[in-house]
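Values reported hereafter were calculated over all heavy atoms of this structure, with side chains retained and with hydrogens, waters and symmetry mates removed. Here is how names work: the chains are called A, B, and so on, in the same order as the sequence lines, proteins then strands, and each is numbered from 1.
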There are 2 protein chains.
Amino acid sequence: MAKSDVSPSVVKRLPRYYRFLGEIKRAGIQRVSSGELSKKMGFTASQIRQDLNCFGGFGQQGYGYNVEQLYDEIGKILGVNQKAKTVLIGAGNLGRAVASHMSFEERGFNLIGIFDKNQALAGQLVRNMPIRHIDGLYDFCRDNTPTVAVLCIPSESAKEITDELVKLGVKGFWNFSHYDIAVNHPEVAVENVHLSDSLMKLSFHVNNL
Amino acid sequence: MAKSDVSPSVVKRLPRYYRFLGEIKRAGIQRVSSGELSKKMGFTASQIRQDLNCFGGFGQQGYGYNVEQLYDEIGKILGVNQKAKTVLIGAGNLGRAVASHMSFEERGFNLIGIFDKNQALAGQLVRNMPIRHIDGLYDFCRDNTPTVAVLCIPSESAKEITDELVKLGVKGFWNFSHYDIAVNHPEVAVENVHLSDSLMKLSFHVNNL
DNA sequence: ATAACTTTGTTAAAAATTTGAAAAAGTTAG
DNA sequence: CTAACTTTTTCAAATTTTTAACAAAGTTAT
């Protein structure tokens with residue numbers, strides 16, 4: 001099956017598999033069956049087999065899956081060995097935390113620049129990288145051609161900056177803002193992290209236990 | 001339809017509706033049709049009508065939906081007017097950013113305590129609230145009975161703390177750690193924010209455009 | 001080498017979600 | 001007040017996702 005035919009539901013679970021396999025691999029476990037994965041991950045064994053089979057048979061009857069091989073294969077599918085040049089826009093509380101906290105390199109990204117509109121932040125180091133003023137974004141992108149942007153900015157500024165970044169060749173957005181990139185730019189890849197949506201979902205569930 | 005019968009897919013979209021209705025309400029718009037919502041939000045009109053109908057007919061034929069009424073109704077369903085007592089565990093980069101950045105009060109939560117195992121952070125103010133040492137968590141919970149916890153801690157510490165919090169009566173977790181609460185405590189409400197999963201999903205999509 | 005056992009790959013069925021379309025109800029304009 | 005129009009509600013069809021079951025293949029123990 002071609003990668004682009006993989007259903008959204010499967011894509012959503014791939015990172016879970018990857019993380020879990022990484023854990024048991026580091027724990028020294030060499031083989032694992034769909035049944036064991038099922039018990040520890042909370043998916044049905046049937047679903048796990050179905051998912052993994054989208055990419056060709058990695059398992060072996062009577063044995064199960066080789067942890068390291070499966071880990072590597074899923075890593076390849078996810079592209080975690082890529083080095084997509086990435087800029088982060090917005091170095092407020094959230095932006096700085098994301099910049100410092102995330103292992104971009106282990107997930108297929110290479111963070112090459114951090115920008116903020118607040119002149120006072122300029123020069124301050126985050127992750128050993130100076131915060132740059134947003135005015136330099138255009139030139140920076142022209143010179144360094146990043147393909148991915150992380151948006152940690154308020155939604156008011158988001159439309160303008162997104163439009164510019166798309167023009168400058170950015171193909172993927174990790175979007176922490178409330179601006180709806182996907183509706184306005186259906187041609188790029190967008191992954192939204194809507195923290196307040198998540199919080200409201202929790203509110204719903206807590207109030208309906 | 002009873003709230004607990006609402007399907008996960010619908011619950012996932014409720015916060016989107018709530019946010020968007022809030023925006024257009026603040027912009028002074030008083031009525032809206034499913035067709036307009038569709039165009040601006042990127043769902044089909046049919047789906048929107050189906051979703052909103054789960055909770056009883058808020059709309060009126062030939063007119064559409066009253067923005068303010070619909071906003072209030074969805075707010076009630078989500079429980080954003082609640083004040084669930086909430087503790088945040090882990091005041092590292094991410095924890096501090098979440099504490100400072102999120103509008104807990106507007107989403108149904110009341111943040112009453114921040115904890116960290118790092119003694120050096122104790123007393124430091126975040127959101128006008130002193131960081132407390134984790135050793136005080138037990139007494140604090142016994143005295144203040146929080147019902148929700150935000151976990152911004154590494155997964156190694158997560159199991160122990162989660163077990164203790166569940167014993168102390170915490171019913172909902174906003175989980176930024178990689179520890180799988182839901183598998184081990186199926187009785188509580190869990191909303192996971194797995195940033196690295198989201199990042200890997202973006203990697204997949206960027207590499208398969 | 002053989003037999004019993006395990007576990008995958010695969011197919012089919014079931015369940016859930018999304019989309020489409022028509023009937024019912026209310027609005028707006030003349 | 002009537003007729004044309006808009007839009008929801010509701011029902012049915014199509015699609016997607018999940019679950020179940022079984023045959024095929026390989027492993028392990030004797």
Side-chain angles (χ1 to χ4, degrees), chain A residues 1-17 20-21 24 29-71 73-74 77 182-183 186 201 204, chain B residues 1-17 21 24 29-71 73-74 182-183 186 201 204:
Chain A
M1 182 183 287
K3 275 187 180 186
S4 46
D5 293 344
V6 181
S7 83
S9 319
V10 175
V11 174
K12 199 171 59 190
R13 284 187 293 268
L14 286 178
R16 285 274 305 272
Y17 294 129
F20 189 77
L21 289 165
I24 64 176
I29 295 172
Q30 285 170 12
R31 63 184 266 191
V32 70
S33 71
S34 60
E36 296 171 277
L37 285 172
S38 168
K39 209 157 53 178
K40 293 185 184 159
M41 300 191 66
F43 303 137
T44 65
S46 185
Q47 182 167 63
I48 292 170
R49 288 199 296 274
Q50 195 99 316
D51 284 356
L52 299 181
N53 246 61
C54 292
F55 309 101
F58 299 141
Q60 199 156 60
Q61 286 98 329
Y63 178 90
Y65 300 88
N66 177 294
V67 172
E68 181 148 12
Q69 185 206 347
L70 190 53
Y71 177 78
E73 288 290 349
I74 296 180
I77 292 161
V183 171
K201 250 166 55 177
F204 177 89
Chain B
M1 182 183 288
K3 275 187 181 187
S4 45
D5 293 344
V6 181
S7 83
S9 319
V10 175
V11 174
K12 197 172 59 189
R13 285 188 293 268
L14 287 179
R16 286 275 305 272
Y17 294 129
L21 289 165
I24 64 176
I29 296 172
Q30 286 170 11
R31 62 184 266 191
V32 70
S33 70
S34 59
E36 295 171 278
L37 286 173
S38 168
K39 208 158 52 179
K40 292 184 183 163
M41 300 191 66
F43 303 138
T44 65
S46 186
Q47 182 168 61
I48 292 170
R49 291 198 295 272
Q50 195 99 316
D51 283 356
L52 299 180
N53 246 60
C54 291
F55 308 101
F58 299 142
Q60 199 156 61
Q61 286 97 330
Y63 178 90
Y65 299 89
N66 177 295
V67 172
E68 181 148 12
Q69 184 205 348
L70 189 55
Y71 177 78
E73 289 289 350
I74 296 180
V183 171
K201 249 166 54 176
F204 177 89

Between [N] ([atom2]) and [X] ([atom1]): distance, integer Å:
X	N	atom1	atom2	value
Leu37(A)	dT7(C)	CG	C1'	12 Å
Gln47(B)	dT9(D)	CD	C1'	16 Å
Tyr65(A)	dG26(D)	OH	P	15 Å
Leu52(B)	dT9(D)	CG	P	8 Å
Asp51(A)	dG9(C)	CG	P	12 Å
Gln50(A)	dT10(C)	CD	P	10 Å
Asn53(B)	dT18(C)	CG	P	15 Å
Asn66(A)	dT8(C)	CG	P	13 Å

query: Are any of the side-chain heavy atoms of Gln47(A) and Arg13(A) separated by less than 4.5 Å?
result: yes

By side chain to side chain donor-acceptor pair (under 3.5 Å) - contacts of Glu36(A) (at least two apart): Ser33(A)

What nitrogen or oxygen pairs link the protein and nucleotides 28-30 of chain D at under 3.5 Å?
| residue | atom | partner | partner atom | Å |
| --- | --- | --- | --- | --- |
| dT28(D) | OP1 | Arg31(A) | NH1 | 3.1 |

task: Show your working on side-chain contact (heavy atoms from CB on, under 4.5 Å) between Val6(A) and Phe55(A) and close with a plain yes or no.
output: CA-CA 9 Å; Val6(A) 181; Phe55(A) 309 101; 3.5 Å; yes

- request: Check every atom of dT17(D), dT17(C), dG26(C) against the side chain of Ser7(A) and return the nucleotide holding the closest atom.
  value: dT17(D)

- request: Select one nucleotide: of dT27(C), dT7(C), dT27(D), the one nearest the side-chain heavy atoms of Gln60(B).
  value: dT27(C)

task: Using heavy atoms to find the nearest nucleotide of DNA chain D for Ser46(A) and Arg49(B) separately, return the residue whose nucleotide is more 5′.
output: Arg49(B)

message: Just checking Gln30(A): does its CD atom have more than 12 heavy atoms from other residues, nucleotides or ligands closer to it than 6.0 angstrom?
response: no

message: Are Phe43(B) and Tyr17(B), when compared by the centres of their aromatic rings, separated by less than 6.0 Å?
response: yes

- request: Quick one: label Phe58(B) by what it contacts on the DNA or RNA (base, sugar-phosphate, nothing), any heavy atom closer than 4.0 Å.
  value: sugar-phosphate

- line: When Arg13(B) and Ser34(A) are each assigned the nearest nucleotide of DNA chain C, the 5'-most assignment goes to Ser34(A)

From Ile74(A) atom CD1 to Asp51(A) atom CG, the distance as rounded to the nearest 0.5 Å: 9.0 Å

- request: Could you go through the side-chain contact (heavy atoms from CB on, under 4.5 Å) check for Asn66(B) and Arg31(B) one step at a time?
  value: CA-CA 5 Å; Asn66(B) 177 295; Arg31(B) 62 184 266 191; over 6 Å; no

side-chain N/O Thr44(B) vs dT18(C) OP1/OP2, d < 4.0 Å: no

